[in-house]
Peer 1: 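There's a structure below that I have some questions on.
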Amino acid sequence: MRILPSGAPILRADEMRAAEQRCFGAGVSQSELMERASLAVAREVARLGAGQPALVLAGPGNNGGDAYGVARLLRGWGHDVAVAAIGRPTSGAAAANAAAWQGKVESLEQVSARPVLVDGLFGTGMSCALDAPVAAHLARLVAAASVSVAIDIPSGIETDTGLDLGAPDGITATVALGALKPAHLLGAGVSKCGHVLLADIGVEPGAIWSSIARPRLQAPEPQAHKYDRGLVVVVAGSMAGASRLAARAALHGGAGYVILAAPEPATGGPDAIVQRTIEGRDALAELLTDPRIGAVVIGPGLGRDEAAKDLLEAAIGCERDLVIDGDALSLLGEAAAERLRTRKAATLLTPHAGEFARMFDAAGSKIEATLAAARNSGATVIHKGADTVIAWAGGKAVVASAASSWLSTAGTGDVLAGLVAARHAAGGSADEAVWLHSRAARLAGPAFAADDLIGRIPVAMGECL
Ligand SMILES: NC(=O)C1=CN([C@@H]2O[C@H](COP(=O)(O)OP(=O)(O)OC[C@H]3O[C@@H](n4cnc5c(N)ncnc54)[C@H](OP(=O)(O)O)[C@@H]3O)[C@@H](O)[C@H]2O)[C@H](O)CC1
Ligand SMILES: [K+]
């Protein structure tokens, strides 16, 4: 499991440059800022590299400027340091750092590999794919090292999208400077950044995007009753098992009262789940007039037939807060934004990548695309994946990016939908549910079934009280 700072600010490349400019405007010089960056990276290299001979790769810009600073500091601390470079910085603090490096500078082609590798070729200035020879030499040098540290971002990952532009595999750790970037959490960054450490270099990020953090939960008040904790209605369709998973997840996610509304009573499952036989659109619409309902879940096991469409119409038309998942998202398709934006109550969507692409424009950064979907639909959108983005219509985004890959098993989406409803009905936020779902998966260990996941949710909640 990789280390990732929690609750940390995320900035795009242009936002980071603006934050650096504000720092300069406040009187901090570029060389001072670069020295803070170099010192933060050099300390991590000394810690992780444990004094082994180091090879520092320096690029033609400020990422390279950091690299020359790292090399100078390590050598000053007695480390055996070699430098190889692509181009040479021509201006500002980076050029001064390059000039201050007293040692020789080799080319990537000729330099020999060493046990410790520092990647200071490119950072937020990556503007296109790495040249193939550069990518090949970088991969060779990273593979030969026992410890490799990337400065700010591994070279070859696009800052704002996480798109792979030729980055090597196997980077041990990335020292993010000043703020996380989308590259640390999205796409290729999920697997290619290694552990992510965030260095404070005195820049005020002012970010409204952040990495997910452990929620703070409260036990129910002494006088609480089941409606205080939230009444969740799960609308079942043709596949009862999926809706039962969602209902059980809602119960173990803290809901005080769970109703499973199904065409015929489901057998098995906890007696604490109240079964209501609901046939057709009007009967469901009637049930959903109950103002005590904190959240309705529709989608798990709904199916896509005419009966399913009728139930979805009733759910969208009701005045309750609504979690829409799975089949219901596919039924909405590209009409989603238009159908949902007029709803007065809250709507939460839990699409995976395929469902998202059927409803919204998925081009570009996953954060930007999910925010656009939230703005256009008025819904809170939980865009699932190895990198899960939670986006609100007001522009806030939270990114979760260290989930267990064992979540790739049937039913975990149904569990999340029920958990999202429970936390919402309890007055919590969508990212709480994502954190609990991910933590429960960690606790469940390898090769768990969705049913096992449910039993770990209370344990995960116990870590938040
Ligand atoms: N701003 C500051 O004072 C500080 C910045 N920090 C560090 O700086 C980098 C960002 O530095 P920047 O100079 O903006 O860009 P890079 O160093 O990442 O890239 C350098 C140049 O490389 C060229 N480039 C981009 N992609 C490629 C490629 N695929 N192949 C070859 N060359 C490439 C690009 O030139 P262009 O002509 O394309 O513009 C870049 O200019 C940041 O990540 C931090 O590490 C300090 O940390 C703090 C101070
Ligand atoms: K780098």
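In listed order, ligands and their atoms are each counted from 1.
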Peer 1: To check your reading of the model: name the closest protein heavy atom to atom 30 (N) of ligand 1, its residue, and the distance in Å.
Peer 2: Phe122 CZ, 3.8 Å
Peer 1: Of the choices Asp131, Ile201, Asp66, which has the non-hydrogen atom that lies closest to atom 44 (C) of ligand 1?
Peer 2: Asp66
Peer 1: Is there a donor-acceptor pair closer than 3.5 Å between any side-chain N or O of Lys192 and the backbone N or O of Pro154?
Peer 2: no
Peer 1: Would you name the N/O/S atom of Asp119 that lies closest to the K ion (ligand 2)?
Peer 2: O
Peer 1: What distance do Leu245 atom CG and Leu419 atom CG have between them, rounded to the nearest 0.5 Å?
Peer 2: 12.5 Å
Peer 1: Once rounded to 10 degrees, what value does the angle at the K ion (ligand 2) take between OG (Ser155) and OD1 (Asn63)?
Peer 2: 100°
Peer 1: My understanding is that we take every heavy atom of each candidate and find the minimum distance to atom 16 (P) of ligand 1. Doing that for Ala40, Gly125, Ala37, which one comes out nearest?
Peer 2: Gly125
Peer 1: May I ask you to check if ligand 1 and Gly123 share an N or O to N or O distance below 3.5 Å?
Peer 2: yes
Peer 1: Using only heavy-atom distances, determine whether the side chains of Asp160 and Ser365 contain a donor-acceptor pair under 3.5 Å.
Peer 2: no
Peer 1: Which protein non-hydrogen atom lies closest to atom 42 (C) of ligand 1, naming both residue and atom, and how far is it?
Peer 2: Asp152 OD2, 3.3 Å
Peer 1: Looking only at atom types and distance, does a side-chain atom of Ser210 sit under 3.5 Å from a main-chain N or O of Ala8, one as donor and one as acceptor?
Peer 2: no
Peer 1: Which protein non-hydrogen atom lies closest to atom 10 (C) of ligand 1, naming both residue and atom, and how far is it?
Peer 2: Thr124 OG1, 3.2 Å
Peer 1: Would you call Pro60 a ligand 1 contact, heavy-atom distance under 4.0 Å?
Peer 2: yes
Peer 1: May I ask you to list the atoms of ligand 1 that are less than 4.0 angstrom from any heavy atom of Phe24?
Peer 2: 3 (O)
Peer 1: Among all protein heavy atoms, pick out the one at the shortest distance from atom 26 (N) of ligand 1; state its residue, atom name and that distance to 0.1 Å.
Peer 2: Ser127 N, 3.0 Å
Peer 1: Do me a favour and list the nearest non-hydrogen protein atom to atom 28 (C) of ligand 1 with residue, atom name and distance?
Peer 2: Cys128 SG, 3.8 Å
Peer 1: Note the single closest protein heavy atom to atom 49 (C) of ligand 1, along with its residue, its atom name and the distance in Å.
Peer 2: Leu33 CD2, 3.9 Å
Peer 1: Check whether Glu368 reaches the backbone of Lys366 with its side chain - one donor and one acceptor, N or O, closer than 3.5 Å.
Peer 2: no
Peer 1: Could you check whether any side-chain heavy atom of Arg339 comes within less than 4.5 Å of a side-chain heavy atom of Met359, counting everything from C-beta outward?
Peer 2: no
Peer 1: If we count only non-hydrogen protein atoms and require a distance under 4.0 Å, does atom 39 (O) of ligand 1 qualify as touching the protein?
Peer 2: no
Peer 1: Is the shortest side-chain N to carboxylate O distance from Glu44 to Arg47 below 4.0 Å?
Peer 2: yes
Peer 1: Out of all atoms in ligand 1, which are within 4.0 Å of some heavy atom of Ala129? Include the element for each.
Peer 2: 29 (N)
Peer 1: Just need the protein heavy atom nearest to atom 11 (O) of ligand 1, so name the residue and atom and give the distance.
Peer 2: Asn62 CB, 3.3 Å
Peer 1: Does any part of the side chain of Leu73, heavy atoms only, come nearer than 4.5 Å to the side chain of Glu35, both counted from C-beta?
Peer 2: yes
Peer 1: Just wondering, is there an N, O or S atom on Gly123 that's nearer than 3.4 Å to the K ion (ligand 2)?
Peer 2: no
Peer 1: Without swapping roles, check the side chain of Asp361 against the backbone of Ala363 for a donor-acceptor pair under 3.5 Å.
Peer 2: yes
Peer 1: For Arg22, is there an ion pair with Glu204 - N to carboxylate O distance below 4.0 angstrom?
Peer 2: no
Peer 1: Within the structure provided, determine whether Ile298 and Ile316 are in side-chain contact (heavy-atom separation under 4.5 Å).
Peer 2: no
Peer 1: In sequence, state the C-alpha distance, the side-chain angles, and the governing distance for Asp431 and Trp392, and then conclude on side chain to side chain contact (heavy atoms under 4.5 Å, CB included).
Peer 2: CA-CA 10 Å; Asp431 50 306; Trp392 288 262; 3.5 Å; yes
Peer 1: Give the numbers and elements of all ligand 1 atoms closer than 4.0 Å to a heavy atom of Gly61.
Peer 2: 13 (O), 17 (O), 20 (C)
Peer 1: The K ion (ligand 2) and Ile151: any N/O/S contact shorter than 3.4 Å?
Peer 2: yes
Peer 1: Would Phe122 count as a contact for the K ion (ligand 2), in the sense that one of its N, O or S atoms lies under 3.4 Å from it?
Peer 2: yes
Peer 1: For atom 1 (N) of ligand 1, is some protein heavy-atom partner under 4.0 Å away?
Peer 2: yes
Peer 1: Which residue owns the protein heavy atom closest to atom 5 (C) of ligand 1, what's the atom, and how far is it?
Peer 2: Glu20 OE2, 3.5 Å
Peer 1: Above 12 or not: heavy atoms from other molecules or residues under 6.0 Å from CZ of Arg442?
Peer 2: yes
